[in-house]
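Written out below as C-alpha cells is the structure these notes cover.
Computed over heavy atoms, backbone and side chain alike; hydrogens, waters and symmetry mates excluded. All ligand and atom numbering here is 1-based and tracks the order in the structure.
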Amino acid sequence: ECLERGWTGLGYKTVAFEEAWSRYSGLRHSHFVNSATAGLHLAFRVLGEANGWRRGDEVISSPLTFVSTNHAILYEGLVPVFADVDESLCLDPVSVESKITDRTRAVCFVGLGGNPGRWHDVLEICRRRGLVAVLDAAHMAGTWVDCRHVGHDADVAVFSFQAVKNLPTADSGMVCFSSSEHDAAARRWTWLGINKDTYTRTLGSGAYKWLYDVEHVGFKYHGNSIMAAMGLVGLKYLETDNERRREISGWYDQDLGDDQAISRVPMSPGCTPSRHLYQILVENRDELVVALNERGIFPGVHYRDNTLYPMYAYGAGTCPKARLASERVVSLPLHLRLSREDVERVACALRELVAR
Ligand SMILES: *Cc1c(COP(=O)(O)O)cnc(C)c1O
C-alpha cells in the first residue's frame with residue numbers, strides 16, 4: 001500500500017501504527033520512532049528537561065543489557081551507575097536502593113528476555129525516593145502482568161521492533177510516556193524540531209503549505225510508513241507468536257528441568273511473558289557454545305557485562321552477579337519454526353556437552 005500510494009515516510013501508516021499499539025497495549029501515548037535507541041534517548045532528553053536534570057546527574061541502570069540502554073544515558077551527559085541483577089537477570093531492588101545518591105534522578109530497568117523480574121519493587125523504590133522510572137521494554141512487546149500490558153506504570157516505556165526482536169519491522173521502536181506533556185515534548189524533538197510534518201502539510205489546503213518553523217535543534221528520529229506497515233501486520237500475530245514462544249519454552253523446561261548443571265533463568269511468577277529469550281546459565285559457556293555450533297545449533301549470548309567496554313569500565317567489579325551471568329548465560333534457539341524434535345535435539349546436545 002505504501003509503495004503503491006507513494007507515501008513511505010512519516011504520517012500515513014505511522015499514525016495508524018501508533019493508534020494500533022495503544023489499542024493493543026492500553027498504553028495511552030505511543031510515539032513511533034526509528035529505533036528503541038532513539039526512543040530511549042528521547043526519554044532521557046524529555047524527562048531530563050522536564051525535571052531540570054544537569055550533566056553528571058546519575059541514572060541507575062543494568063550492566064547486563066544491550067549497550068543502547070546505557071549509551072542513551074550518556075547521550076544526555078548523564079552517568080549510568082550500575083546496580084546488580086538478581087536471579088531473573090534484571091535489576092535487583094536491594095542493589096538499586098544501595099546505589100541511590102543525592103545525584104540519582106532515575107532508574108532504568110531492563111525487562112531482559114521479556115521478564116518483568118522485580119520491576120514492581122524497583123518502581124516502588126522510585127516512587128518512594130522521588131526517582132523517575134524508565135522501562136527499557138525492548139524485549140517486552142506482549143508481556144502482560146495482572147492482565148495489563150507492561151509499561152503502564154512506568155514514567156516511560158520504550159519498545160523495540162528491530163530485526164531480531166519479537167515484533168520485527170527491520171528497525172523501529174515505540175516510546176510510550178505516561179504523561180501527555182512528556183509525549184508532546186518528545187514529538188517536538190523527533191523530526192529536527194520542525195513544527196509541522198510534510199504529511200500534515202499535504203493534507204492542508206491553500207498557499208503556504210510549504211511553510212514551517214524550526215523551533216529547536218531536534219533529531220531525525222521519526223519512524224516511517226514502511227516500517228509501520230510491517231508493524232501493523234506483525235501486531236496481528238504478536239499474541240499467537242508469543243504463545244508459540246511460551247510453548248517452545250515449556251518444552252525446554254520439560255527437557256532440561258531436572259538437570260542440575262543447567263540453571264534456567266526464572267520468569268517472574270504470575271506474568272505472561274513475551275518470551276523474547278529462553279536463557280540458561282552454565283559453567284562452561286564459551287566451550288559449550290562452540291560445541292553446539294559444531295552440531296549446527298546456534299545459541300546467543302545476552303549480554304556481555306557492559307563494564308567490560310571502555311566507556312563503562314569505571315563500573316567494573318561493582319556488580320558481581322551480572323559479571324558471573326555475563327560469563328555463564330546462554331540464550332537457547334527460540335524462533336517460530338522450531339519443532340518439538342528440534343527442542344529435543346538441542347536439549348539432548350546440551351545435556352551431553354554441559355560441564356558437570
Ligand atoms: C535491541 C535493544 C535496544 C535497542 O533497540 P533498537 O530498536 O535496535 O534501537 C535497547 N535495549 C535492549 C535491551 C535491546 O535488546
(message) Please list, in number order, the atoms of ligand 1 under 4.0 Å from a heavy atom of His139.
(response) 13 (C), 14 (C), 15 (O)
(request) Please could you name the atoms of ligand 1 that Val110 approaches to less than 4.0 Å, counting only its heavy atoms? (result) 13 (C)
(request) Ignoring hydrogens, just give me the one of Ser68, Ala38, Ser62, Ser172 whose non-hydrogen atom is nearest atom 10 (C) of ligand 1. (result) Ser68
(message) What I want to know is whether Lys165 and ligand 1 share at least one N or O pair that is separated by under 3.5 angstrom.
(response) yes
(request) Using a strict cut-off of 4.0 Å, indicate which atoms of ligand 1 neighbour a heavy atom of Thr65. (result) 13 (C)
(message) So for Phe161, does at least one of its heavy atoms come nearer than 4.0 angstrom to any atom of ligand 1?
(response) no
(request) Determine whether any heavy atom of His302 lies closer than 4.0 Å to an atom of ligand 1. (result) no
(request) Give the contacting part of Phe159 toward ligand 1: side chain, backbone, both or neither, where contact means a heavy-atom distance below 4.0 Å. (result) neither
(message) Out of the candidates Arg187, Arg28, Arg23, Lys13, only one should pair with Glu18 under the salt bridge (charged side-chain N to carboxylate O under 4.0 Å, His left out) rule; please name it.
(response) Arg187
(request) Examine the side chains of Thr69 and Asp136 and answer whether a donor and an acceptor come within less than 3.5 Å of each other. (result) yes
(request) Assert yes or no for the condition that the ring centre distance of Tyr75 to Phe219 is strictly below 6.0 Å. (result) no
(message) Distance alone, cut at 3.5 Å: any donor-acceptor contact between the side chains of Thr190 and His31?
(response) yes
(message) When you compare ligand 1 with Gln162, is there at least one nitrogen or oxygen pair between them that comes in under 3.5 angstrom?
(response) no
(request) State, without any angle test, whether Asp305 and Tyr312 hold a side-chain donor-acceptor pair at a distance under 3.5 Å. (result) no
(request) Just say parallel, tilted or perpendicular for the rings of His149 and Trp21, cut-offs at 30° and 60°. (result) perpendicular
(request) Tell me which part of Thr69 gets within contact of ligand 1: side chain, backbone, both or neither, using heavy atoms under 4.0 Å. (result) side chain
(request) Examine the side chains of Asp183 and Ser180 and answer whether a donor and an acceptor come within less than 3.5 Å of each other. (result) no
(request) Heavy-atom distances under 4.0 Å are what count here, so tell me which part of Ser35 touches ligand 1: side chain, backbone, both or neither. (result) both
(request) Give me the ring orientation class for His222 and Trp191: parallel if the planes are under 30° apart, tilted from 30 to 60°, perpendicular past 60°. (result) perpendicular
